[in-house]
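None of the values given here were measured: they were computed from a predicted structure. Just the heavy atoms: all of them, side chains too, but no hydrogens, waters or symmetry mates, feed the values below.
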Amino acid sequence: MKKIISFIFIIVIILIANPTVVFAATPTPTPKATTPTAAISEKLNEQINELKEKIASRVSELNLVEKRGMIGIVTEVSGSKISTTDVLGNTRFVDVDEITKFSSASNKTFGLSDLKKGTRISILGLYNKQSKRILARFINTSVDPIFLSGTVSDIDKKNFIITITTTDNKSYKLDNQTSTTISTYDLEDGLVKSGFSKLALGDRISALGFVDTKDATLVVPDRIISFIDLPINPHIKALE
């Protein structure tokens, strides 16, 4: 016990005499920063290069494709491919897929199977400049307007239907709707807005409209112009 006390006493004396003396401590090891191995680095480079190639390929595809619309006559339907002739007489090829939408004013269930040779359709889709084909997104049956010129030969005031007879003595019924615009034209006042009640037997009129989708014997006029200065056409037999 005396030896221990003596040793402690000597240490204290040394510290008082040399206050700068310190005891070395075992240093705490600093963790070394880990770096990716060569294998991981190579794999990352491969993934980056693969991504670059995909982006470049996609950009190239987008440069080859543009939105385009056209009107054509169906010449052949084979599976999901449609051959058409455009307004210039050129053959155009159209592809359809599961998201292509079909519509027709006369057929609510209209689809690919309803397309027949001679059907007039309008197409909106993606045109590929390389293959020169259109991937259709929308296909609609196209209806051409009908232009008629003749004389009023009958008026059904109850149903707002007038019958006109043309110079070749063919009769057409015009089913006037709220959307129909009726005007009169004369040399003094020019074109003036009018109405159904102003139409009379013998009036010389011109009409632009569409054949009714439910009744092929009716024409739904978009516009009617009555030429009140023109006399009754003597060649119209329905007025005799």
Note: Leu199 and Ser226 closest approach over all heavy atoms is CD2-CB, 4.1 Å
In short, Ser183 meets Arg223 closest at the heavy-atom pair OG-NH1, 4.0 Å
All heavy atoms of Ala136 vs all of Val96, minimum pair found to be CB-CG1, 4.3 Å
Note: Phe196 and Asp156 closest approach over all heavy atoms is CZ-O, 3.9 Å
The reported gap from OH in Tyr172 to OG1 in Thr163 (rounded to nearest 0.5 angstrom) is 12.5 Å
Nearest heavy-atom contact between Thr180 and Pro221 is OG1-O, 2.8 Å
Quick check on the hydrophobic clustering: are Leu201 and Ile205 connected, directly or via other members, by side-chain heavy-atom contacts under 4.5 Å?
yes
More than 12 heavy atoms of other residues, nucleotides or ligands under 6.0 Å from CD of Gln130: yes or no? no
Query raised in the report: Under 3.5 Å, is there a donor-acceptor pair between the side chain of Thr75 and the main chain of Ser83?
Result: yes
Of Lys132, Met70, Arg133, the one forming a side-chain contact (heavy atoms from CB on, under 4.5 Å) with Tyr127 is Lys132
dist Leu115:CG -> Glu76:CD (nearest 0.5 Å) comes out at 12.5 Å
Check your understanding: Do the side chains of Leu124 and Ile99 join up, straight or via other hydrophobic residues, at under 4.5 Å, putting them in one cluster?
Key -> no
From the list Ser104, Ser103, Ser122, side-chain contact (heavy atoms from CB on, under 4.5 Å) partner of Thr141 resolves to Ser104
Rounding to 0.5 Å, atoms CD (Glu46) and CD1 (Ile48) come to a distance of 10.5 Å
Report task. Taking Ser80 for its side chain and Asp97 for its backbone only, find out whether a donor-acceptor pair lies under 3.5 Å. Result -> no
Under 4.5 Å between side-chain heavy atoms, counting indirect links through other Ile/Leu/Val/Met/Phe/Trp/Tyr residues: same cluster for Leu112 and Val94 or not?
yes
Would you say Val74 ends up clustered with Phe93 if hydrophobic residues are merged whenever their side chains have heavy atoms under 4.5 Å apart, either directly or through other cluster members?
no
(message) Quick one, Ile123 and Ile82 - any side-chain contact, counting heavy atoms below 4.5 Å?
(response) no
With Thr184 as partner, the option from Asp203, Val192, Ile225, Asp229 fulfilling side-chain contact (heavy atoms from CB on, under 4.5 Å) is Val192
Query raised in the report: Hey, mind stepping through Asp114 and Phe102 against side-chain contact (heavy atoms from CB on, under 4.5 Å) and telling me if it holds?
Result: CA-CA 10 Å; Asp114 297 302; Phe102 296 84; over 6 Å; no
**Request:** Assess whether atom CZ of Phe160 is packed by more than 12 heavy atoms of other residues, nucleotides or ligands within 6.0 Å.
**Result:** no
Value for CG (Leu218) from CG (Asn159), rounded to nearest 0.5 Å, stands at 10.0 Å
Hey, are the side chains of Thr151 and Thr165 touching, using non-hydrogen atoms and a 4.5 Å cut-off? no
The side-chain contact (heavy atoms from CB on, under 4.5 Å) partner of Ile224 among Ile164, Ile162, Thr181, Leu208 is Ile162
Are Ile134 and Ile73 connected into the same hydrophobic cluster when the rule is that any two of I, L, V, M, F, W, Y join if their side-chain heavy atoms are below 4.5 Å apart?
no
d(Asp154 CG, Ile161 CD1) to nearest 0.5 Å is 9.5 Å
**Message:** Is the shortest side-chain heavy-atom distance between Lys101 and Ile139 below 4.5 Å?
**Reply:** no
